[in-house]
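I have placed the structure first, in the form of structure tokens, so that the comments after it can refer back to it.
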Number of protein chains: 2
Amino acid sequence: MTPHPFDPLRPEEISLAAEIVKTWTGDDVVFRAITLAEPPKKDMVSFLDIERAGPGAQSPAPPPRQARVQLFHGRVLHEAVVDLDRRVIVAKEALHGRHSYIDTGFMEKAAEACLADPRVQEEIESLNLPEGATVVVEPWAYATDGVKDMKDRWTMGWFYLRLSDNPDANYYAYPLDICAEISPTLQVTSVYRLPSGANDKTHSRRNEFDRRRIHTTSEYHPDLVDDRRTTTRPYHVSQPEGPSFTTEGNLIRWEKWTMRIGFNYREGMTLHDVRYDGRSLYYRLSLSEMFVPYSDPRAPYPRKAAFDLGNDGAGINANNLALGCDCLGHIKYFDGWLTAASGTPVRMPNVICCHEADDGILWKHTNFRTGNAVVTRSRVLVLQTIVTVSNYEYIFLFYFQQDASLFYEVRATGIMSTVPVDVGDSAVPYGVNVAPGAMAPGHQHLFCLRVDPAVGGHANNSLVVEESHPLPPDEAANPFAMGFATRSRTVEAEAGLDLDFASNRTFKVVNEARRNPVTGTPIGVKLLPCYSQMLLAHPSSYHARRAEYATHAVWVTRYRDDELFPAGRHTMQSLGGEGIASWIQERARKGDGEESAVRDRDIVLWHTFGSTHNPRIEDWPVMPCEKMVVGLKPVNFFTANPGLDVPISTQERSCSVLVEGRRPE
Amino acid sequence: MTPHPFDPLRPEEISLAAEIVKTWTGDDVVFRAITLAEPPKKDMVSFLDIERAGPGAQSPAPPPRQARVQLFHGRVLHEAVVDLDRRVIVAKEALHGRHSYIDTGFMEKAAEACLADPRVQEEIESLNLPEGATVVVEPWAYATDGVKDMKDRWTMGWFYLRLSDNPDANYYAYPLDICAEISPTLQVTSVYRLPSGANDKTHSRRNEFDRRRIHTTSEYHPDLVDDRRTTTRPYHVSQPEGPSFTTEGNLIRWEKWTMRIGFNYREGMTLHDVRYDGRSLYYRLSLSEMFVPYSDPRAPYPRKAAFDLGNDGAGINANNLALGCDCLGHIKYFDGWLTAASGTPVRMPNVICCHEADDGILWKHTNFRTGNAVVTRSRVLVLQTIVTVSNYEYIFLFYFQQDASLFYEVRATGIMSTVPVDVGDSAVPYGVNVAPGAMAPGHQHLFCLRVDPAVGGHANNSLVVEESHPLPPDEAANPFAMGFATRSRTVEAEAGLDLDFASNRTFKVVNEARRNPVTGTPIGVKLLPCYSQMLLAHPSSYHARRAEYATHAVWVTRYRDDELFPAGRHTMQSLGGEGIASWIQERARKGDGEESAVRDRDIVLWHTFGSTHNPRIEDWPVMPCEKMVVGLKPVNFFTANPGLDVPISTQERSCSVLVEGRRPE
């Protein structure tokens, strides 16, 4: 089967792309990524229009199949675009001064270099660690702070202790009071002790490891936790006629929805050409970036700040999801493909799972005159992917609903990063003590969901900001002083905007060219935002300059191919000034405003959300999921509740079981 | 079995209470409500302490069992408190100038009176309605507007048309251009036409019913909707070993949680003595009020504003929940009991359902060094009750989680109230046209969740307001300008407070007297608020004076027995000035501030939330649920993730099914 233009590269395409690149580089090549270069939207729109017209109509000619390749050649990072049909390199660019995403192999070597370094060994020796304990080095990408030369790739080594023989023991319970800087050539250039107390910026004392730290309550692995509760009885989901979705390659059809699923090393799961009842709603939905800065201002902690997409990659770190563990019910899995340094395709099994879930009641009404109740249950389609970024886990979920709304949920779980603290010192104001000698510092998770709308088609979209306001008391027009009405404005130019629940501020993408036949208003969709604190770092900080998207909750830009990453394409040790705010500013400076115009145009909506995570002890040792939810709902897009025709719920269909009181045994 | 002091009155207790009241009133009595008078907290706390100590300890003497009775005697509304053990009336009060909650029988008579009235008949005649159509009168409680004498009970009659023979046809699709005022003695005192156009305040034209309004797309009942989708395949939940909860009367035990379920005519479902792992968290959780004002300032629409608890009653209007329809899985139902006018107990079957649901992943971590993933699924306990208030439905749900957090969810569904509009006029700015000649006006739903905390016991609780703020850039203390920290203040006096996500403002109830052994900080719980617009009505309006709680999102008050209703005890045609703001103001005026003190005291937290519902056509004819969610989570209350011991998820336990691609048939 020919790949659909939105399909990720297939393994044979990855191999072919590598082969084509090698006609240029020869053997002097280290591949970092070979991924689909998505076709320009203008080509895709005409393709999709023809495809939509269905069989019998003209057969759509797919746009050229192209790969985007990131590689080292002559020790310089390059990006190339390869045409797989014509077997030629159509573009190449040397990315001087840029860094590729994190290289796991390099990180492993950095950890080894740390442990082999005599100064490190001397510091470890001075700690007088318990017999049989294992020192674990966790290398982190260096968050730009202006101290080290930004041209080179630096790494920070953070030290932990694994007390138990069990390799799954939780070493984050024992952060050690050592830190190392590792050079691009794997030399340990500095080793120092970490801060102690609220005001100590670098720890000068060479304290021994405090034996009072040893405890047994920070484990989570079943081999290390004895008393599991036995009260939770099994819960099974069965679908005797199978699931309601069908798949055809990467095309999913479910309850009037259609969408194409994509996957790449950086964004992980992406969705394309999302329609309901054949009507276009979204061209592309993706998590576009996430930034995790920590709160602790004591050096060297400002260097802990991760771009988990740009630096780490949601695709690269995607979990192999397990049936019955990560997902319950009737599950369809999708694999992903990455690339080895040699250019060989690497299969990532089960990176996305797709299943249905019951979500309670979709709608209900009882006619109180007849006593007749009509109730439908809500079935949702769940698409889930999970990433592990060192200590943390992120679960990313799309929920599609039968009423044409959809929700994007992030669940944060995993283990919090810890730093050492003096036993008994609870006065360090940057976190909470989760175990003796271990503090979990405050941090933020700032996500950016990129919504590329296609409301009644990709062109002619506009962003409307609607608020609800009281009407002024007025003897004639508002005599009882209770009236209220909405006020709307259409955004004319690219901008970053803020949320305001107090005015019920609502962001709608509408198509002014298409009016709803019943309401007489433009068809649209609205954002149900996740109200969150924005970036706390000062505007002058590198954090703020690098994570430009994290300063406003809603951004609207004019659509441009390849403008996918709101903190910039290359985030590793980036210096800032390449994100969404800079794009907007640059275009606003130019010409007559046409480049910035977003009314009645092809636009992109970006939503920044997340959490300021001031840890609780209840988040330790593994954090119960913290959920963050964003929604998108049609607004005067259809002509009635799109879920009106969902089957009425009956016991015959649902086969529930009546429970009489059961007393404890 | 002796009732537990928190148990609702049993039918025999209701009968007994009526009997005791009749020793005073004789036969001159119309009962409106006979409900549990909950024991004073001081009595309950000592009872619960002894109960908690368990068998073997001193047997707890229950506080006196008392009933609160609302009744008419000598045509005057009274409230009496009856001691059921001693069989005496211990308190009685004549409520002159107060109105009881809505009387369904009276409302039916009001509708009949409307249709029998010659002026109404004349107006109906003048409409020249289609042959065979039925006029339906929907009587509404009169929302105080200062026009009618507030001493008497007035009713508004709104007119609709049922075009079909089917009694379940949606008459809200045909609001008629007639309105009537009905006097306390069931006389129709005025009949008039409704506004037309944005600026017409009373419709003077006697237009005929516009035949262009006739349409077929506003039905929802299965008998009237032909093309139901057939794609939704069955979805079953089975628990081969039964559910994980046990019940003993109204006591529910589930996954370390214990709680007692209550039910009364006004609040519907209530929860009492909510503990986790035996540790006290909440003394009482309840929805305390809800207010639904409409936006349209044109008279007589300002009279549409409902206190759905105080006027209608969440218990009175609770649905009889049906197995497999309202609830899926293994379901335990609870009945409620109300009272007939005669004092006879009336059974309300299945008003609350209790079941378990799967909620995706509770926590997960993969050790990237070993590749070993540990994942637990989240099981939740769901307690659901549904009320029908004329056109609208509200679904109220408590979700208990295994990690000691809980969520309260409101789902708004049902049919939107409509008003007539000229066919083709989409310029009325107070709503959206949902069918030809029918507009659904904007309105607000403002709920108030009452949280009576007992964090480490009911006394010594305090409200802490915590915010996260950037640290100022500082060469020594914050050299990289990225640091942030929390700032907290403890609220000293009763107050109404506002939300602010921009500062990550967090409301915690803490017990300053109890410190967490690991973190060294006071134990607490935090509110996860639902960010919502507050009341839009002007402070001078009756709406604002009556719905005092709707002006701030968070209120803290000193605990007082019977202070349960933040818009006042009697909301029917109330004049205002009796709600939570007035209580606070009155106590602040008195004495030395002791009455207002809320630090280290027995306190109550109230959370106002809801939605400004600017209707969408997608909410018509029956609205897909709009969800509003509030959460409560422990903060440094336990010493680790309370869900750490939840069984690890395995395919053996979950019995999921692998789905291969299924292509459309």
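Naming convention: chains lettered A, B, ... in sequence-line order (proteins, then strands); numbering from 1 in each chain. The structure presented is a predicted model; accordingly, all values stated were derived computationally and were not measured.
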Could you tell me which of [options] has the largest number of non-hydrogen atom pairs under 4.5 Å with chain A?
options                            : result
H543(B), K633(B), M482(B), H538(B) : M482(B)
L328(B), N433(B), V635(B)          : L328(B)
D358(B), T506(B), D403(B)          : D358(B)
P240(B), G249(B), P429(B)          : P240(B)

Student check: side-chain heavy atoms of [X] and [Y] closer than 4.5 Å:
X       : Y       : result
L536(A) : S468(B) : yes
T639(B) : T217(A) : no
V518(B) : V434(A) : no
E618(A) : P642(B) : yes
E393(A) : T366(B) : yes
K364(B) : I386(A) : yes
F501(B) : Q533(A) : no
Q402(B) : R229(A) : yes

Donor-acceptor pair, side chain of [X] and main chain of [Y], under 3.5 angstrom:
X       : Y       : answer
N367(B) : P167(A) : yes
R411(B) : I361(A) : yes
R377(A) : C325(B) : yes
R616(B) : F638(A) : no
S244(B) : R233(A) : yes
R228(B) : P647(A) : no

Taking every non-hydrogen atom, the tightest pair across [X] and [Y]:
X       : Y       : result
P297(A) : P479(B) : O-CD, 3.9 Å
W363(B) : M623(A) : CB-O, 3.4 Å
F484(B) : T612(A) : CE1-CG2, 3.9 Å
G324(A) : S649(B) : O-CB, 4.0 Å
Y235(A) : A357(B) : OH-CA, 3.4 Å
A299(A) : F480(B) : CB-CE1, 4.2 Å

At a heavy-atom separation under 4.5 Å, does [X] approach chain A through its side chain, its backbone, both, or neither?
X       : answer
T650(B) : backbone
Y294(B) : backbone
T519(B) : both
V622(B) : both
A502(B) : backbone
R653(B) : both
Q444(B) : both

Tell me whether the rings of Y220(B) and H365(A) are parallel (<30°), tilted (30 to 60°) or perpendicular (>60°).
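Ring orientation, 0 to 90° scale: perpendicular.
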Top contributor to chain B interface from [options] [non-hydrogen pairs under 4.5 Å]:
options                            : value
V237(A), L471(A), D227(A)          : V237(A)
D498(A), I331(A), N372(A)          : I331(A)
L658(A), V432(A), T388(A), N478(A) : L658(A)
P624(A), P470(A), P472(A), G520(A) : P624(A)

Measuring heavy-atom distances to chain B, does L397(A) have an atom under 4.5 Å in its side chain, in its backbone, in both, or in neither?
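For L397(A), no heavy atom lies under 4.5 Å from chain B.
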Under 3.5 Å, is there a donor on one side chain and an acceptor on the other for D168(A) and T370(B)?
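On atom types as modelled, these side chains qualify, holding a pair under 3.5 Å.
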With a 3.5 Å cut-off and no angle check, do the side chains of E255(A) and T232(B) form a donor-acceptor pair?
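Checked: E255(A)/T232(B) side chains pair up, N/O donor to acceptor below 3.5 Å.
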Going through the checks in order, is the side-chain contact (heavy atoms from CB on, under 4.5 Å) test met by F245(A) and V659(B)?
CA-CA 10 Å; F245(A) 58 81; V659(B) 175; 4.2 Å; yes
